[in-house]
Enquirer: 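Structure below; questions to follow.
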Amino acid sequence: MTNTKTARLGVVALVVAVVGICVVYLTTQMAVPPAYAKVGPTVFPYAVGGILIVLSLFLWRDAVRKNWHCEASDPDVPPPDLAPMGWVLGGLFLNLILIGYIGFILSSTVMYTMVAKGFGARRLWLAALVGFLLALVAYYGFARLLDLRMGSGLIEDLI
Amino acid sequence: MDAFMSLAHGFTVALTPINLMWGLIGVTLGTAVGVLPGLGPALTIALLLPITFQVEATAAFILFAGIYFGAMFGGSTTSILINTPGESATIVTALEGHEMAKRGRGGPALATAAIGSFVAGTLGTVGITVLAPFIVKVALSFGPADYFALMLLAFVTVSSVLGSSTIRGLTSLAFGLLIGLVGVDLQTGQARFSFGQMELLDGIDVVIVCVGLFAVGETLHLASRYRRTKEEIIPIEGSLWMTAQDWARSWKAWLRGAFIGFPMGALPAGGAEIPTFLSYFVEKKLSKKPEEFGKGAIEGVAGPEAANNASAAGVFVPLLTLGLPTSATAAIMLAAFQSYGINPGPQLLTTQPDLVWGLIASLYIGNVLLLVLNLPLVGLWVQILKIPTPYLYAGILVFATIGTYGISQSVFDLGLLYGIGILGFFMRRYDFPTSPVIIGMILGPYAEQQFRRALTISQGDMTVFFTRPLSLTLIIIAALALLLPVIVSTTKSWLKKTETA
């Protein structure tokens, strides 16, 4: 295990510590009615925050002792393949932005096509068509069956 | 026997055409998601949780239980034919099963897995039938302090069992507990960790967390590495029929697997991983041909598959009698109980006999349906493995979007879903188990409720947890489960040091 990899594990331990500290700090900011002072709504948050801080120390120890075996620290596992991940994340991000404007069906079609591209689909027009039909069927089948309200959109308003 | 009278009544509930239909849908859907890599029962049930607003509780739980059992059957098909275990519990099946498939014995491997699952699933259900009323009698005397201690024990065991490191398991659990804390505290009306966001006042929906971790996180993880791994489906060769020798070598393994799996599933330790590994080693030890292990020994498929299904049945015992989920799927089912306003616990058997016994009866029926679905029709399931990866994973993300956006129409929730998905990706990279997050967020609020109830009764006296014999015992066991590995390893390294010195 190289030093950069150990450092990365250390960062993970640090993140856990920061979350724990934030939890404890936010809990001190809660205004608790005096009637509940003894077993109030802050006991569990304090406990969870404290546990996270303690665990971060153990994680730190595991990182330093190189006693933390995972994909990120395994020299045999290649680093994450960024191009496919970029397509998938881009699809998710676009969906997030578009869904409110053009509706579920079209924005899901965009996401579907980008994710399919990320996973190596060659004929993008076919992926787009499949994605569109899947979103349409899902909208009218799954969503109606479960009575989910998918909201309006360009296609949704046509039908 | 009282239990068998109730069970007979359960069959009259489960055998109504409408409930039979829900059971059939459940096992079919379950087998499909079990076969498809990247989908699991917890994710599927989470996506279907909105159905609890549409159909009555018994039907919904028959559906969910069918999915749960079906996924266990379907998962073995995938691990035998393509050696990518969908769930951790089927890792062992892949060891021998895939070797058998490579040697042209895929048919008998699938057969012994399916029949073994049927035998063990049925034995496990008999176990539920007998054990549940008994545990309920004991559990009726539990006080809030005892419940809290029991949940504490479940937290510890679940975190150490569902992963390779107790520390990382506990970290996942603590994150789950933190997610469970978000929102208005029901007892005092105090908002916690909601950052002034309206969307967070009601708490974070379990569907968002579950779908985020299991669907979005899993998809990102696969995207990061699919070009570097090669998967190949091995066509089923030879007859599905097992030879007389196969039968002779399988049936004892099934029974042993069932007897290892059920008790371990029923303990608040959870997880099907340990019983399957245990069964594998037992079979290897007892086999007359241990040299065949690693090269496709049929006992190595029969035993672990049986243990897997028996432990899946065992999980229902703490869930139905104590309201204690010991796997992610069970935690989602607990969320479904919440959605119906039903409080699972020892009263459940008396207040909802139709639901509980109908559910147990449906497990017997589901096992029979699954045997039929998975043996003669196995070729059909192999077909769905041929869905191209790009279309499959893009589709999973569309369903993930429907499952969350459809409930609330909130872009905030959708952002939260994708954010948790990215967290899930890093958890996979750094080997944090994801199931404790789900268990922590569902069970955490219950634990807090029992903790505060216990302290209200004792008027703030913390010693209440240590003066009740049951609660003290459970806390001691929890502490031992947590500290023993640490003590053992430090003594070992200390001994080493003194030796070398």
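Labels below follow one simple rule: chain letters A, B, ... track the order of the sequence lines, proteins then strands, and each chain is numbered from 1.
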Enquirer: In terms of heavy-atom proximity below 4.5 Å to chain A, should F426(B) be classed as side chain, backbone, both, or neither?
Expert: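 Neither part; nothing is under 4.5 Å.
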Enquirer: For I422(B), is it the side chain, the backbone, both, or neither that has a heavy atom closer than 4.5 Å to a heavy atom of chain A?
Expert: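 The side chain, not the backbone.
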Enquirer: Which heavy atom in P45(A) sits nearest to a heavy atom in L181(B), and how many Å separate them?
Expert: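 In this case the closest contact between P45(A) and L181(B) is CA-CD1, 3.7 Å.
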Enquirer: What's the shortest heavy-atom distance between I51(A) and A174(B), and which atoms?
Expert: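 Reported closest heavy-atom pair: CG2-CB, 4.4 Å.
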Enquirer: Can you tell which part of T52(B) gets under 4.5 Å to a heavy atom of chain A, answering side chain, backbone, both or neither?
Expert: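 Neither the backbone nor the side chain of T52(B) comes within 4.5 Å of chain A.
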Enquirer: Can you tell me which portion of M30(A) sits under 4.5 Å from chain B's heavy atoms? Options are side chain, backbone, both or neither.
Expert: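 Its backbone and side chain both get close to chain B.
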Enquirer: Is there a donor-acceptor contact under 3.5 Å from the side chain of Y226(B) to the main chain of P84(A)?
Expert: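 No; judged by distance alone, with no hydrogens or angles, the pair does not exist.
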Enquirer: Grab the two heavy atoms, one from A394(B) and one from A116(A), that are nearest each other, plus how far apart they are.
Expert: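 Looks like CB-N, 4.1 Å.
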Enquirer: First locate atom CZ of F104(A), then atom OG1 of T401(B), and finally report the distance between them rounded to the nearest 0.5 Å.
Expert: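 That separation rounds to 6.5 Å.
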Enquirer: Only pairs of heavy atoms separated by less than 4.5 Å count here; which of H221(B), M462(B), R428(B) has the most with chain A?
Expert: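 Among H221(B), M462(B), R428(B), the one with the most close pairs to chain A is H221(B).
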Enquirer: If you compare all heavy atoms of M85(A) against all heavy atoms of S224(B), which two are closest, and at what distance to 0.1 Å?
Expert: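 So the two residues come closest at SD-CB, 3.5 Å.
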Enquirer: Considering only heavy atoms, which portion of V55(B) lies under 4.5 Å from any heavy atom of chain A: side chain, backbone, both, or neither?
Expert: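 No part of V55(B) comes within 4.5 Å of chain A.
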Enquirer: Which one of V115(A), V12(A), L55(A), T27(A) has the most heavy-atom pairs closer than 4.5 Å to chain B?
Expert: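 Max contact count across the listed options: L55(A).
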Enquirer: How long is the gap from OH on Y405(B) to OG on S108(A), to the nearest 0.5 Å?
Expert: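 That separation rounds to 9.5 Å.
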Enquirer: Say you draw a straight line from CG of L96(A) to OH of Y418(B); how long is it, rounded to the nearest 0.5 Å?
Expert: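 Rounded to the nearest 0.5 Å, the CG-OH separation comes to 6.5 Å.
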Enquirer: I'd like to know which of T109(A), N95(A), V130(A) tops the heavy-atom pair count under 4.5 Å against chain B.
Expert: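 Result: the option with the highest number of such pairs is N95(A).
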Enquirer: So which part of L126(A) gets closer than 4.5 Å to some heavy atom of chain B, the side chain, the backbone, both or neither?
Expert: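 Both parts, backbone and side chain.
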Enquirer: Determine the option with the most heavy-atom pairs under 4.5 angstrom with chain B, choosing from G86(A), P79(A), G49(A).
Expert: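 Of the candidates given, the most pairs with chain B belong to P79(A).
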Enquirer: Do H69(A) and S165(B) touch side chain to side chain, with heavy atoms closer than 4.5 Å?
Expert: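 Of all side-chain heavy-atom pairs linking S165(B) with H69(A), none is under 4.5 Å.
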Enquirer: Are F44(A) and F451(B) close enough that their ring centers fall under 6.0 Å?
Expert: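 Between F44(A) and F451(B), the centre distance is under 6.0 Å.
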Enquirer: So for L134(A), is it side chain, backbone, both, or neither that comes closer than 4.5 Å to the heavy atoms of chain B?
Expert: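 Just its side chain gets close to chain B.
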Enquirer: Which pair of heavy atoms, one from L178(B) and one from V23(A), lies closest together, and at what distance?
Expert: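 Looking at all heavy atoms of both residues, the shortest contact is CD1-CG2, 3.6 Å.
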Enquirer: What's the separation between atom OG1 in T219(B) and atom CZ in F119(A), rounded to the nearest 0.5 Å?
Expert: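 So the OG1 of T219(B) and the CZ of F119(A) are separated by 6.0 Å.
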Enquirer: Within this structure, what is the CG-CG distance for the pair L414(B) and L92(A), rounded to the nearest 0.5 Å?
Expert: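 If I round to the nearest 0.5 Å, the distance is 8.5 Å.
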Enquirer: Examine distances only and state if a side-chain atom of Y112(A) and a backbone atom of Y391(B) form a donor-acceptor pair shorter than 3.5 Å.
Expert: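 Yes: the side chain of Y112(A) pairs with the backbone of Y391(B).
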Enquirer: Between W68(A) (side chain only) and D431(B) (backbone N and O only), is there a donor and an acceptor less than 3.5 Å apart?
Expert: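 Flag not set: sc W68(A) to bb D431(B) has no pair under 3.5 Å.
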Enquirer: Name the region of V54(A), side chain, backbone, both or neither, that has any atom closer than 4.5 Å to a heavy atom of chain B.
Expert: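 For V54(A), there is no contact with chain B at all, as no heavy atom is under 4.5 Å.
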Enquirer: Return the minimal non-hydrogen interatomic distance between L59(A) and T171(B), and the atom names on each side.
Expert: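 Where L59(A) meets T171(B) most closely, the heavy atoms are CD1-OG1, 3.9 Å.
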Enquirer: Nearest 0.5 Å, what's the CG-CE distance between L397(B) and M111(A)?
Expert: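 So the gap between those two atoms works out to 5.5 Å.
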Enquirer: Taking OH in Y46(A) as the centre, count heavy atoms belonging to other residues, nucleotides or ligands within less than 6.0 Å. Is the count above 12?
Expert: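 Yes - once you tally the heavy atoms of other residues, nucleotides and ligands closer than 6.0 Å, there are more than 12.
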